[in-house]
K.L.:
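Questions regarding the structure given below will be posed in turn.
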Amino acid sequence: MKKLAIASALTLAVCATPLTAMAETIAVSMAYFDQNFLTLIRTAIADEAAKQGVTVHFEDAQGDVGRQLNQLESFVAEGVDAVIIDPVDSASTPKMTKMAQEAGVPLVYVNRKPGDKQLQQGTVFVGSNELESGTMQMEELARLANYQGNVAIMIGNLSDEGALIRTKDVEDVVARYPKMKVVEKQVANYDRTEAMDLMTNWLTTGTPIDIVAANNDEMAIGAILALQQSGKDPHKVLIGGIDATPDGLSAMAKDGLDVTVFQDAKGQGRGALNAALSMARGNKLDSYQWIPFELVTPQNSQQYQ
């Protein structure tokens, strides 16, 4: 797997191409329009497109794999210059890759890593290496807990490879420390309300929970809200999220979020747009364009505001 610093590689690729060769239309299918982190990516794509003078057409897959496949089929039929997809399900990407390859349309997957065993030339992934995210999160939570305590894990969704990797990261870290163990682990679909309900259920069962490791900030916030509604002090439970969204950073400043991990939504959005443009202009890119995760704590959170 080749790794490349996205900023330098894509900037060189874009700047080296004559303006007359610029692609005119990029089509984008997002898994959801109503998820906070994906909204940041979508906004970054739109902003970068405006900066580059490129037309971008967005579609919302609404969490439906069939809908997303139909959107790609329509994009190809319309003759767009390149396509960007935030996949609903990693398992669906080989079929989408084949469709784009057969049509000769450059394809960029963003944020959610595709399930393809290998990406062929003309298809790239722009995102962050999930092997880092849950590990960073749980190592810091373990340190804060003095390497002991009961851990509850909130999983994003089972169709997302990133959620599965983040969860395994957490489990692997917990397994390193004899005085720590996972006592609860359930899906809350990256959703704040579902996480509230899940945390409330856990509190009702009476299982002692010292640490909540959530696959994203929205679920971490849901856990905090459930603790507040139950009359418990969220500052007495260590809570970690991932993404460092504006809402997550606000929760860190006021409501007891102890740890999050910065996933550069703007960097992913800009990178995806520039990768699509670069390939549409005939440039070749390495298959994986990695954007690093960064640990965020109350001590350094101001720089991410």
Side-chain angles (χ1 to χ4, degrees), residues 1-31 33 37-61 68 71-72 75-76 78-87 93 96-97 100-101 103-114 116 119-130 132 162 243-244 262-294 304:
M1 183 186 298
K2 295 182 179 179
K3 296 185 180 181
L4 187 65
I6 190 165
S8 59
L10 293 181
T11 300
L12 286 173
V14 171
C15 293
T17 306
L19 291 177
T20 54
M22 285 184 68
E24 293 180 351
T25 304
I26 307 295
V28 183
S29 172
M30 301 297 296
F33 271 14
F37 188 78
L38 298 184
T39 298
L40 295 174
I41 292 176
R42 178 160 50 94
T43 301
I45 292 172
D47 290 346
E48 185 66 18
K51 181 180 175 182
Q52 301 260 6
V54 174
T55 299
V56 178
H57 173 61
F58 290 94
E59 290 287 349
D60 181 3
Q68 191 159 62
Q71 288 169 354
L72 176 57
F75 295 158
V76 169
E78 291 165 8
V80 299
D81 297 290
V83 173
I84 298 171
I85 292 179
D86 165 55
T93 61
M96 291 190 284
T97 300
Q101 290 271 324
V105 177
L107 174 61
V108 177
Y109 291 113
V110 64
N111 183 246
R112 180 172 290 184
K113 190 167 177 258
D116 306 55
L119 295 179
Q120 303 299 318
Q121 193 62 240
T123 304
V124 304
F125 169 66
V126 177
S128 301
N129 189 344
E130 295 294 354
E132 301 171 356
D243 291 337
F262 177 62
Q263 184 177 186
D264 189 352
K266 292 182 180 180
Q268 289 185 16
R270 288 192 299 265
L273 193 281
N274 282 329
L277 286 176
S278 186
M279 288 194 296
R281 296 169 187 171
N283 294 301
K284 294 182 179 180
L285 298 176
D286 283 352
S287 298
Y288 293 89
Q289 308 282 329
W290 296 116
I291 299 177
F293 282 103
E294 300 172 27
Y304 295 94

K.L.:
Considering all heavy atoms of both residues, which atom of A31 and which atom of D60 are nearest to each other, and what is their separation?
P.N.:
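What the structure gives for the nearest pair is O-OD1, 3.7 Å.
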K.L.:
Do F125 and L119 have side-chain heavy atoms sitting under 4.5 Å apart?
P.N.:
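Yes; the side chains approach each other to less than 4.5 Å.
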K.L.:
Assess the side chains of Q268 and Q263: does a donor N or O sit below 3.5 Å from an acceptor N or O?
P.N.:
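The criterion, which ignores hydrogens and geometry beyond distance, is satisfied for Q263 and Q268.
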K.L.:
What do you reckon, are the aromatic ring centroids of Y304 and F262 less than 6.0 Å apart?
P.N.:
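Yes, the ring of Y304 comes within the 6.0 Å limit of the ring of F262, centre to centre.
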K.L.:
Only one of I84, V28, D47 passes side-chain contact (heavy atoms from CB on, under 4.5 Å) with V56; say which it is.
P.N.:
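Exactly one candidate clears the test, V28.
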K.L.:
Return the minimal non-hydrogen interatomic distance between L40 and A265, and the atom names on each side.
P.N.:
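Distance-wise, the nearest heavy atoms are CB-CB, 3.5 Å.
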K.L.:
Quick check for you: to the nearest 0.5 Å, what is the distance between R281 atom CZ and D81 atom CG?
P.N.:
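Reported value, rounded in 0.5 Å steps: 10.0 Å.
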K.L.:
How long is the gap from CD on E130 to CZ on F293, to the nearest 0.5 Å?
P.N.:
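The CZ atom of F293 is 4.0 Å from CD of E130, to the nearest 0.5 Å.
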K.L.:
What is the distance from atom CD of E132 to atom CG of N129, rounded to the nearest 0.5 Å?
P.N.:
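Answer rounded to 0.5 Å: 5.0 Å.
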K.L.:
Consider only side-chain N and O atoms of S29 and Q71, and report whether a donor and an acceptor are under 3.5 Å apart.
P.N.:
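Note: S29 and Q71 side chains meet the donor-acceptor criterion.
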K.L.:
Once rounded to the nearest 0.5 Å, what's the spacing between atom CG of N111 and atom CZ of R42?
P.N.:
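Between N111 CG and R42 CZ, I get 13.0 Å after rounding to 0.5 Å.
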K.L.:
Do we see a donor-acceptor contact under 3.5 Å between the side chains of Q101 and T123?
P.N.:
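Yes, side-chain donor-acceptor contact under 3.5 Å.
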K.L.:
Minimum heavy-atom separation for V105 to A82, with atom names?
P.N.:
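Answer, listing the atom of V105 first, then A82: CG1-CA, 4.0 Å.
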K.L.:
Do H57 and V80 come within less than 4.5 Å of each other through their side chains, counting heavy atoms only?
P.N.:
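H57 does not reach V80 side chain to side chain.
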K.L.:
Taking all atoms of both residues into account, what is the closest heavy-atom pair of Q289 and D286, and its distance?
P.N.:
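Residues Q289 and D286, closest heavy atoms: NE2-O, 2.9 Å.
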K.L.:
So how far is it from I26 CD1 to N274 CG, rounded to the nearest 0.5 Å?
P.N.:
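It is 10.0 Å, given to the nearest 0.5 Å.
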K.L.:
Which residue in the set T39, T43, L38 passes side-chain contact (heavy atoms from CB on, under 4.5 Å) when paired with I41?
P.N.:
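When T39, T43, L38 are each tested with I41, the side-chain contact (heavy atoms from CB on, under 4.5 Å) holds only for L38.
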K.L.:
To the closest 0.5 Å, what do you measure between CG (D116) and OG1 (T97)?
P.N.:
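Interatomic distance, D116 CG to T97 OG1, rounded to 0.5 Å: 3.5 Å.
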